[in-house]
Amino acid sequence: MLKEILSDLLKQAIAKAQENGKLPIVPLPDIVIERPQKTEHGDYASSISLKLARAIGTNPMAIAKEIAACIPATAEIGAVSVAPPGFINFTLSKTWLACQVDNILKAANSYGNITYGAGKKVQIEFVSVNPTGPLHIGHGRGAILGSALANALSAAGFNVEKEYYVNDAGTQIDTFYRSLWARYQQQFEVKVDVPTDGYVGAYMIDVAKEIIVEQGDRFMKLPEKEAIAALGKIGLEKMIGKIRADLETLRVTFDVWFSEKSLYANGQYATAMKLLRDAGYLTEKEGATWFVSTALGESKDNVVIRSDGTPTYFAADIAYHYNKLVERKFDQVIDIWGADHAGHVSRMKAVLTALGLDPERLDVILGQMVTLRRGGELVKISKRSGEIITLQELVEEVGADACRFFFLCRSADSQMDFDMELAKKQSSDNPVYYVQYAHARISSILKLAKEHGIDYSQGDVSLLCHDPEQNLIRKMITLPEMIEVIAKTLEPHHLTYYAQDLATVFHAFYKDCRVMPSQKSTAPVTDEEMAVTKARLKLVEAAQTVLGRTLNLMGMTAPDKM
RNA sequence: GCGCCCGUAGCUCAGCGGAUAGAGCAUCGGUCUUCGAAACCGGUGGCCGUGGGUUCGAAUCCCACUGGGCGCACCA
């Protein structure tokens, strides 16, 4: 990647300057290559001389000049300059930039892929909502974050597995079973109430009705205990099926649906608990078993096994993470949780330490709360009043593409407003359409070229030397850098900004540079004009590749027409 | 009380140690006889919550304060 090439060049230049006695030998700080905000400062810059100035004790401008003088000429660099207070600025070579168009076309849909991840096994676990109710909009944010991050990490060279942890054990499942049994009986005019702690939502009635359509009243004839278990199991499958279908309409899919129950069946729960006990991190208190998190600097201990002998959610999660890191040997595990689970993070990390694992192997991304609005008006999403807007309703109203873009365009750790009115607008106000429109425009140019039978495969990219063309190429070649940033920070929101920037430079190019020869003109097309057309068609196709890839990473469609 | 996240343009938010702080929307004004005007160009608009500190250099790092959100169960 360019940044590495430049930082290597600087390293060599400094070494050379030191050999020549132009610079004293001092310990080298990290060489950071950054992108200047102002275009007149070039494409890349380094402040290395400002940092060296401290150690050397002379003025940074002089140091910068010495270093710059030792930078050898390379294909990539067009110019090196020094600017106060001591920056070394690099401008990319015009011919090198133009050549990148051919590289992009050659790489096609793999353009942007990098080797940063080195094939490391990464698991991203997200959504993982209890299968006891429908997904709401907050879950949508986690779903999109996870699926886009997975795409980006794959592009960054990681071996990624997406997982949904199904909480199919524990008290909430028992409650779900009893609630469903009540709704089922009600369909047969039995006077029973949904348990007071139960799930009262109308969707439970729908599930009960569905089961009756498929299986009739056969559960009414079973002993109650048996009926609850059998009915519940079917209901649970149906709920999971609904969740899966909801997510699929958002183009969110998983490689593994992992059952919590399986941790008890295969003995891994017991193994994890034994490891903690042997390491001295479990203690009995008030009839329950506690994880002694205070021994690891936490503010309080946590119950792992209740006094009635049942494991808590925390205990299951301990076994689950033991399974991920020890049994399945993921190099890195990323959990995406809602902000309401923030308190769970440090506990979970403490558990890993207690199990003798490196807590750095676990990253937790907390998606902050989402508020819904229509234009200026807040949409209440109170569970109690039953006004809750489900994820399904949101997707139906605004569409999967807009949903994905809007959930993605804010960093996970800031709360977000989701404006349904804006997301639905089919106009320039809406960034979703702005980006997709650029793609459609490109398709339409390429279609026109095809209709005219123009074969541009031999187009000469060195003709692409005008500013609008070069600026477009400049933006395109930062795709790999952007992917690396996401891999390092686990912040997929950069995708949306990149997509908008790319669309902007494309539209600017389109305005300034005509691609196809004018159809209205009566004069015959000259050879020079045709050569430019062919070069620009290559550029346009490359732009489509990069924009399409970006949309693809966001999980959005790249339409040929709108 | 303790912990985590946030406070940047009228609004929604990027930027998270570098050069004159950015985008979209809103607002004001320009641009269609030629590849899609769902587009482009320009103007207005900022004590980057407040106060200290570190640094050659701070919106960015540290401390205190302040406003908002979320946690602090033998719930998940």
Side-chain angles (χ1 to χ4, degrees), chain A residues 32 34 36-38 40-41 45-47 50-51 53-54 59-60 83-87 89 128-130 132 167 170-172 175 197 285-290 298-300 302-317 338-347 366 368-369 371 373 376 406 409-419 422 425-434 436-438 440-449 452 489 493-494 496-497 500-501 503-504 506-508 510-521 533 536-537 540 561-562:
Chain A
V32 181
E34 58 209 30
Q37 295 177 24
K38 299 281 168 188
E40 61 261 35
H41 293 137
S46 174
S47 58
L50 290 161
K51 286 176 178 129
R54 191 172 326 178
N59 116 38
F87 289 99
N89 295 330
S128 300
V129 177
N130 285 344
T132 52
N167 298 106
T171 51
Q172 82 286 351
T175 309
D197 60 340
K285 226 171 18 182
E286 300 154 26
T289 304
W290 299 66
E298 292 291 290
S299 57
K300 56 179 70 171
N302 301 94
V303 172
V304 138
I305 301 168
R306 301 183 187 93
S307 44
D308 69 1
T310 59
T312 61
Y313 145 90
F314 182 44
D317 233 18
D340 53 342
H341 285 62
H344 191 53
V345 179
S346 61
R347 255 212 302 280
L366 297 172
Q368 295 294 322
M369 283 199 2
T371 47
R373 63 168 62 212
F406 278 86
C409 70
R410 304 285 177 244
S411 89
D413 47 25
S414 86
Q415 292 169 30
M416 71 173 288
D417 276 1
F418 191 115
D419 187 345
L422 176 60
K425 267 195 192 168
Q426 305 216 348
S427 73
S428 57
D429 308 357
N430 189 339
V432 178
Y433 288 91
Y434 181 77
Q436 289 184 324
Y437 177 71
R441 238 183 183 179
I442 293 173
S443 294
S444 135
I445 296 169
L446 295 176
K447 190 170 152 239
L448 197 63
H452 286 254
T489 60
H493 69 272
H494 293 109
T496 60
Y497 290 90
Q500 288 178 90
D501 289 349
T504 299
F506 174 76
H507 287 309
Y510 176 90
K511 178 82 164 87
D512 291 338
C513 301
R514 184 158 237 296
V515 179
M516 293 294 289
S518 169
Q519 289 159 50
K520 293 278 165 77
S521 165
T533 289
R536 286 182 178 166
L537 282 169
V540 163
K561 58 171 181 244
M562 297 170 67

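All values derive from a computational prediction rather than experimental measurement. In what follows, every chain begins at residue 1, and chains take the letters A, B, ... in the order their sequences are listed.
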Sugar-phosphate, base or nothing in reach of A/Ala440, heavy atoms under 4.0 Å | base
With a 4.0 Å cut-off on heavy atoms, is A/His41 in touch with a base, just the backbone sugar-phosphate, or nothing at all?
-> base
Name the nucleic acid region contacted by A/Ser346, choosing base, sugar-phosphate or nothing; use a 4.0 angstrom heavy-atom cut-off, strictly under.
-> nothing
B/rA38 base stacked by A/Tyr434? Criteria: ring centres under 5.5 Å, plane angle under 30°.
-> no
Would you indicate what A/Lys561 reaches in the nucleic acid, counting non-hydrogen atoms under 4.0 angstrom: base, sugar-phosphate, or nothing?
-> base
May I ask you to check if A/Arg441 and A/Phe506 form a cation-pi contact, with NZ or CZ under 6.0 angstrom from the six-membered ring centre and within 45° of the axis?
-> no
Remember a base hit wins even if backbone is also touched, and classify A/Met369 as base, sugar-phosphate or nothing at under 4.0 Å, heavy atoms.
-> sugar-phosphate
Report the nucleotide, chosen from B/rG68, B/rA19, B/rA76, that has the shortest atom-to-atom distance to any side-chain atom of A/Ala45.
-> B/rA19
Please, what dot-bracket string fits RNA chain B when only Watson-Crick and G-U pairs with both distances under 3.5 Å count, crossing ones use [ ] and pairs to another strand use |?
-> (((((((..((((....[...)))).(((((.......))))).....(((((..]....))))))))))))....
Pairwise C1' distance, B/rA9 and B/rG22 [rounded to whole Å] = 10 Å
Remember a base hit wins even if backbone is also touched, and classify A/Ala339 as base, sugar-phosphate or nothing at under 4.0 Å, heavy atoms.
-> sugar-phosphate
Scan A/Ser444 against the nucleic acid and name what it touches under 4.0 Å (heavy atoms): base, sugar-phosphate only, or nothing.
-> base
Describe the nucleic acid contact of A/Thr171 in one word from base, sugar-phosphate, nothing, applying a heavy-atom distance below 4.0 Å.
-> sugar-phosphate
Heavy-atom donor-acceptor pair, A/Arg514 side-chain to B/rU34 base, under 3.5 Å = yes
Please determine, by modelled atom types, if A/Thr504 and A/Tyr434 share a side-chain donor-acceptor pair under 3.5 angstrom.
-> yes
Look at all strands and tell whether A/Pro36 reaches a base, only sugar-phosphate, or nothing, counting heavy atoms closer than 4.0 Å.
-> base
Base, sugar-phosphate alone, or nothing: which one does A/Arg347 contact when heavy atoms must sit under 4.0 Å apart?
-> base
A/Asp419/A/Arg373 under salt bridge (Lys or Arg N to Asp or Glu O under 4.0 Å): CA gap, chis, key distance, verdict = CA-CA 5 Å; A/Asp419 187 345; A/Arg373 63 168 62 212; 5.7 Å; no
Identify whether any heavy atom of A/Leu448 sits under 4.0 Å from a base atom; if not, whether one sits that close to sugar-phosphate; answer base, sugar-phosphate or nothing.
-> sugar-phosphate
On a whole-Å scale, what distance lies between the P atoms belonging to B/rA38 and B/rG51?
-> 48 Å
Can you tell me if NZ on A/Lys447 sees more than 12 non-hydrogen neighbours from other groups inside 6.0 Å?
-> no
What is the nucleic acid contact for A/Tyr497, judged by heavy atoms within less than 4.0 Å: base, sugar-phosphate only, or nothing?
-> sugar-phosphate
Which part of the nucleic acid does A/Ala449 contact within heavy-atom distance under 4.0 Å: base, sugar-phosphate only, or nothing?
-> nothing
State the CD-CD distance between A/Glu40 and A/Gln37, to the nearest 0.5 angstrom.
-> 10.5 Å
Starting at the 5' end of RNA chain B and moving along, which residue's nearest nucleotide shows up first, A/Met416 or A/Val515?
-> A/Met416
At under 4.0 Å between heavy atoms, what does A/His344 touch on the DNA or RNA strands: base, sugar-phosphate, or nothing?
-> nothing
Confirm from the modelled atom types if A/Asp501 and B/rA14 form a donor-acceptor pair under 3.5 Å, side chain to base only.
-> no
Per the glycosidic torsion and the 90° limit around 0, nucleotide B/rC32 is syn
